[in-house]
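Heads up: the structure comes next, in structure tokens.
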Amino acid sequence: MPGAGTDKTKPWLVTPAPIVVLVEPQLGENIGAAARVMANFGLSRLCLVRPVQGWPNEKARVMAAGADCVLDAAILCESLAAAIADCTFVLATTARRHDQAKPVISAEAAAAEMASRIAAGEKVAVVFGRERNGLENEEIALADRIVTLPVNPAFASLNLAQAVAIVCYEWFKQAGGGLPFSMPQKSPPASKQQLAAFFADLERELEKVEFFRPPEKSSTMRINLRNIFTRMQPTQQDVRTLHGVLTAIAQGRKGPARGGVLDAAEAQRLRELIAEHGGGRVPRERGPVRGLSRLLRRNPTEAERVLWQALVNDRRLAGRGFKRQVPIGPHIVDLVSFPMRCVVDLVPEAESAAAAAARAEKRAYLAARGYRIIAVDAAAAVANPRRALDAIVAELSSAGGG
Ligand code: SAH
């Protein structure tokens, strides 16, 4: 699709540009491809010195893919000297060392020099050689500079039109041809103030779960964390989205349509109700137990939340297979490690007689099935989750469960 990306409503570029001279080009295809790439990069003046297959050339037209105006305006010359007669600055391109006392420059440097000379009103030409044997020494001698491209020394010779492409590309960049389009900017960049507000909220939530540990590393951790987001150069919308993500994670699922979220006191009340009403103890019916355990998992009490946070961040208990609010038979346990066959039972400060009875029944059920039960005082866990963890670890190792 030669026309892809082409905007036919745009005027053809007519700013002054270098003349491209092809010396004795052998293949019409290469002339056409060179014309095409000249048009791509805003050059229009082509000079052909004795094209081997004659002129005009049908194969050139096919390869030009629409850059006909470059071909139609091409000038035919009998010699390189005639082609560059009215030029004041000439560059000869070659892959080969010619051992001539003449500056050798890159295509980029050539573009810079051509640009300043053309801006000053000079007429400039870039000369390309024959496909088979390039430019002769006498032809190179006519030039002011030699242009060579950085290439694999073991395979240095480019296709003629491709060499033209590189030189024309460098010219166009130099002549101010910026990228034709860029990433769409759908939201303006976030202000530092907006970012600071996000960081404050993020850090507040992370403090709640004692993320910034140990204290002496806290300030470095904060800086590193901020830098992750600063490097992104987020837009205002990005920061709003991140804020939403943070709120969703910190506060749980949104909106009553999805069942809402209970606060710590409500979550505690839910457990009391379940305990008093016999929980999911429906004979031969596992569905309700599972549904309840999901509900409990989603609505942790404060004690469950802080203990779980401490547990997942504790190396001693990493990989021990602990899970939260899991049904075991008709009961739902606060924490369980099946590999260690151990249950952590969080005991609330006060509970009704019915709830206490249900708890006793649960423990008996678990003990009968070989589970070790570690009772943890819920209020103590909230006050000092790490001490509660230490007690669990001590309990596990004392009983040889290590
Ligand atoms: N075998 C020839 C290469 C000809 S390629 C030789 O040894 O010179 C055709 C033309 O493309 C060359 O004359 C030159 O104008 C250009 N060209 C090819 N490779 C190039 C390179 N590495 N650096 C600069 N110009 C190159």
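What you see below is based on every heavy atom in this structure, not just the backbone, and it leaves out hydrogens, waters and symmetry mates. One-based numbering, in listed order, for ligands and for the atoms of each.
Judged purely by distance below 3.5 Å, without hydrogens or angles, the side chains of Gln268 and Arg271 never pair a donor atom with an acceptor atom. No hydrogens or angles considered: a donor-acceptor pair under 3.5 Å links the side chains of Arg222 and Ser218. For the residue pair Thr94 and His98, a side-chain donor N or O sits within less than 3.5 Å of a side-chain acceptor on the partner. Remark: the Glu131 side chain and the Asn30 side chain contain an N/O donor-acceptor pair separated by less than 3.5 Å.
For ligand 1, the polar-atom distance check finds an N/O of Leu158 within less than 3.5 Å of one of the ligand's N/O atoms. At least one N or O atom of Ala156 sits closer than 3.5 Å to an N or O atom of ligand 1. Looking at ligand 1, you won't find any N or O of Val147 less than 3.5 Å from one of its N or O atoms.
Atom 3 (C) of ligand 1 has as its closest protein heavy atom Ser157 OG, 3.1 Å. Looking from atom 15 (O) of ligand 1 to the surrounding protein, the closest heavy atom is Thr93 OG1, 2.6 Å. Protein heavy atom closest to atom 16 (C) of ligand 1, with residue, atom name and distance, is Ala163 CB, 3.5 Å. Given atom 6 (C) of ligand 1, the protein heavy atom at minimum distance is Arg96 NE, 3.5 Å. Protein heavy atom closest to atom 10 (C) of ligand 1, with residue, atom name and distance, is Gly129 O, 3.8 Å.
Within the 3.5 Å criterion, the main-chain N or O of Gln237 finds a donor-acceptor partner in the side chain of Ser187. Checked by atom type and distance alone, the side chain of Gln26 pairs as donor or acceptor with a backbone atom of Arg132 at under 3.5 Å.
For the residues Gly134, Ala95, Ala107, the heavy atom positioned nearest atom 2 (C) of ligand 1 is part of Gly134. Of the candidates Thr94, Val151, Val23, Asn159, it is Thr94 that places a heavy atom closest to atom 25 (N) of ligand 1.
Scanning for side chain to side chain contact (heavy atoms under 4.5 Å, CB included) contacts around Ala165 gives Val37, with sequence neighbours left out. Partners of Pro234 by side chain to side chain contact (heavy atoms under 4.5 Å, CB included), not counting sequence neighbours, listed by chain and number: Leu195, Met232, Asp238, Val239.
Ionic pairing of Arg359 and Asp345 is present here: one or more N-O contacts between side-chain nitrogen and carboxylate oxygen are shorter than 4.0 angstrom.
Contact between Gln162 and ligand 1 is absent, with no heavy atom of the residue lying under 4.0 Å from the ligand.
Contact atoms of ligand 1 toward Leu149: 23 (N), 24 (C) (distance under 4.0 Å to a heavy atom of the residue). Under a 4.0 Å criterion applied to the non-hydrogen atoms of Phe128, ligand 1 contributes the atoms 15 (O). Numbered from 1 in the order shown, with element, the atoms of ligand 1 that lie under 4.0 Å from a heavy atom of Arg130 read 4 (C), 9 (C). Those atoms of ligand 1 that come under 4.0 Å of a heavy atom in Arg132, given as number and element, are 1 (N), 2 (C).
Annotation: side chain of Met340 is in contact with side chain of Phe322 (closest heavy-atom distance under 4.5 Å).
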